[in-house]
Amino acid sequence: MSSCLPEPKNEDGLPRKVGFELEFAGLKIKEAGEQIQELFGGEIKKQHRYEYTVFGTEIGDFQVELDARILKKMAGSDLFGDWDLDIDENIIRDSIGDIVDKLARAVIPLEVVMPPLPYNEIEVLERLRSKLQERKAEGTESSWMHAFGLHINIEVPNLETDTLLRYLRSFFVLYPWLIEELDIDFSRRISPFIDHFPDRYVEMVLSPGYQPTVEHLISDYLQFSPTRNRPLDMMPIFAMIDGDRVSGALGDEKNSPRPTFHYRLPNSRIEDPDWTFQDEWNRWLEVEKLAANREMLRKLSELYLQRKGEAVLAFKKEWAQTTKILLDL
């Protein structure tokens, strides 16, 4: 899985790290934690009903949770306030929780957040993927309600404006090919979680005259895309640079500042025995390769804008084929 990165090191000269977040159904939260512990050791700690941590494993800490903020809020709240009721509050709380659990498992994914590892060591995570497949974990294709994804958090080489701009441009150029290659499930396409960036913003970023300062890069992003629900979420990176401005734009939306591209596009195909994390990592590597090839990136950005202006229908399909041919994908 550790296919070469064109820019393999971070600002400290260390191998860049990669983390995976897998959404799935079919297992209870405790069962998923126990499976992680069986593979990698460590100790399971129940944070609350909807969140467990497996800490101190041989490769780092895992988080397992039902991916629903409202459920976690309920788990930590006082349902009864100051009411003077002659009942066993714990029994009522557990009964309500059981009902909520059953409803939640139909539509809300269980999410395993894996520890970030050096990119040349992430193959060890395939052990967990294999075990979950053996346990009949359910992914995107198991139900029309399962808008589940695999998120990949890729550490940036550095926080220089030129670097961030190159990666954005590379992703925009390759986006039509990625959509076709990944065969994004209908449930995910109609959900708001991976809405593509507005055309106007994409065209602005790909324009050769667009050479912003980091302040302008962040301002433009927040103007056109004040949300984390993008296939390439830049908010964690921008919060590292200007946390106050990003927090003001996102409001209550959760965002942890960290120097990582939050790539959210792939389906969670955990029910497919032939699927691996490496499949999705290899597709992301094409973004890395193009971002590192400045001359090719410049030419394809200009060609994208030219073809987009000429196209009347089916631009994305035509462009996916163009990039596939030109980049030998």
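The structure displayed is predicted, hence computed values, not measured ones. Every heavy atom of this structure was used, including side-chain atoms; hydrogens, water molecules and symmetry mates were not.
Taking a cutoff of 4.0 Å between a charged side-chain nitrogen and a carboxylate oxygen, R294 and D162 qualify as a salt bridge. Contact check on E38 versus R135 returns no salt bridge, with no Lys/Arg side-chain nitrogen under 4.0 Å from an Asp/Glu carboxylate oxygen. In this structure, R283 does not pair ionically with D279, as no charged nitrogen and carboxylate oxygen lie closer than 4.0 Å. A salt bridge between R16 and E288 is present, with a side-chain N of the basic residue lying under 4.0 Å from a carboxylate O of the acidic one.
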| said: If you apply the rule side chain to side chain donor-acceptor pair (under 3.5 Å), what do you find for Q47 with Q63, and how did you get there? | reply: CA-CA 10 Å; Q47 306 294 345; Q63 185 171 318; over 6 Å; no
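Between the CZ atom in F55 and the OG1 atom in T57 there is a gap of 11.0 Å [rounded to 0.5 Å].
In this structure, a donor-acceptor pair under 3.5 Å is present between the side chains of E318 and T322.
Closest heavy-atom contact between Q278 and E126: N-OE2, 3.0 Å. Listed here is the closest heavy atom pair of L117 and I59: CD2-O, 3.5 Å. Nearest heavy atoms, L27 versus L132: CD2-CD2, 4.1 Å. Nearest heavy atom pair, residue P6 against residue A292, reads CB-CB, 3.5 Å.
Contacts of S225 classified as side-chain hydrogen bond (donor to acceptor under 3.5 Å, both in side chains), with partners at least two apart in sequence or in another chain: R230. Residues forming a side-chain hydrogen bond (donor to acceptor under 3.5 Å, both in side chains) with N153 (at least two apart in sequence, or on another chain): E21, R258, H262.
Aromatic ring centres of F197 and Y221: separated by under 6.0 Å.
Remark: side-chain polar atoms of S170 are paired, donor with acceptor, to backbone N or O of V287 under 3.5 angstrom.
Residues T260 and I154 form no side-chain contact, since every pair of their non-hydrogen atoms from C-beta on lies 4.5 Å or further apart.
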